[in-house]
Protein chains: 2
Amino acid sequence: MEYNVFAKACPSRPTLEHVTGRWGSLTMGALVNGPLRFNELRRRVDGVSEKMLSQTLQALERDGLVHRDAQPTNPPRVDYTLTPLGQETAELLLALIHHLEARMPDVLQAQQAYDAR
Amino acid sequence: MEYNVFAKACPSRPTLEHVTGRWGSLTMGALVNGPLRFNELRRRVDGVSEKMLSQTLQALERDGLVHRDAQPTNPPRVDYTLTPLGQETAELLLALIHHLEARMPDVLQAQQAYDAR
DNA sequence: CAGTATCCTGTTGGATACTG
DNA sequence: CAGTATCCAACAGGATACTG
């Protein structure tokens, strides 16, 4: 069986969207250096709401990319970790992110040229 | 100057969203093997509407990732190409896409285990 | 062919309040 | 702390019709 993300109904497409989506990519990226708790993640992923972070983590957990470790203590403590598959994925994502960050001067220049037309 | 996509106001964040967004990633991926015309792209990126493809291409062109080459003929002919920066970016994106496609069996298994809880 | 314009619906997603 | 529940505004995005 071949998976092809360019096909509308391929099951890989939702997963790609979870990984590359607005909050998915930043969440994966934030976890690449080790486990984080819910509110630590919220602070790292600047701008995310509780609701969206929760939804994002659930989708990534369901895809087997993130592992959720809840301690039944009071107050509760939940650590989020990348699974091995998630770690590999996050590293590819980070390569993309770092590449874009490094080339932002070029991007900004292109935007100015475009807007000046 | 340092760019950091995890910061809410960093100019790199919109660009990351263009590249990784629902249609951006597929559009970049479709162009990695060479130029395509508008309707060729539409067929490759299964499910995209004219409107979204047009918007996506404009955003990517503004970021300097895609080059738009319009011939003033009748009927019109427009070729979309990746810029050198776009080509580098698309290759990193493709690495991610291919990795996910290859690991989809693991993902589907994780989803089933999650849903069975 | 390569779009743009318009309309309209569904989803995204933020704010707020509340729970274990 | 780590969420869930609810409400609502904004926007994404599809369908259709039209233009150069």
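Within every chain, numbering begins at 1; the chains are lettered A, B, ... in the order of the sequence lines, protein sequences first and strands thereafter.
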Opposite nucleotide pairing with D:dG20, Watson-Crick or G-U, both atom distances under 3.5 Å: C:dC1

With the side chain defined as heavy atoms from C-beta on, B:Arg68 is closest, among C:dG14, C:dG3, D:dG20, to C:dG3

For the pair made of CZ in B:Arg42 and P in D:dG14, what is the distance, rounded to whole Å? 10 Å

Name the closest nucleotide to the B:Pro76 side chain, picking from C:dG13, C:dC1, D:dG3. C:dC1

Go through C:dA17, D:dG13, C:dA2 for me and flag the one nearest to the A:Glu50 side chain. C:dA17

Could you please name the option among C:dG14, D:dC1, D:dG14 that lies closest to any side-chain atom of A:Arg37? D:dC1

Only one of B:Asp79, B:Asn74, B:Thr73 passes side-chain hydrogen bond (donor to acceptor under 3.5 Å, both in side chains) with B:Arg77, and that residue is B:Asp79

In whole angstroms, the gap separating C1' of C:dC1 from CG of B:Asn74 amounts to 9 Å

Report the distance from atom CE of B:Met52 to atom C1' of C:dT9, rounded to the nearest whole Å. 15 Å

From the options A:Arg37, A:Glu50, A:Met52, select the one residue that forms a side chain to side chain contact (heavy atoms under 4.5 Å, CB included) with A:Arg42. A:Glu50

What is the distance, to the nearest angstrom, from the CZ atom on A:Arg22 to the P atom on D:dG13? 12 Å

Compare side-chain N and O positions of A:Tyr80 against OP1 and OP2 of D:dC1 and report whether any pair is under 4.0 Å apart. no

Categorize B:Gln58 for me: base, sugar-phosphate, or nothing, with a 4.0 angstrom heavy-atom threshold over every strand shown. sugar-phosphate

Side chains of A:His99 and B:Glu88: any donor to acceptor distance under 3.5 Å? yes

Can you tell me the distance, in whole Å, between the CD atom of A:Glu17 and the C1' atom of C:dT11? 13 Å

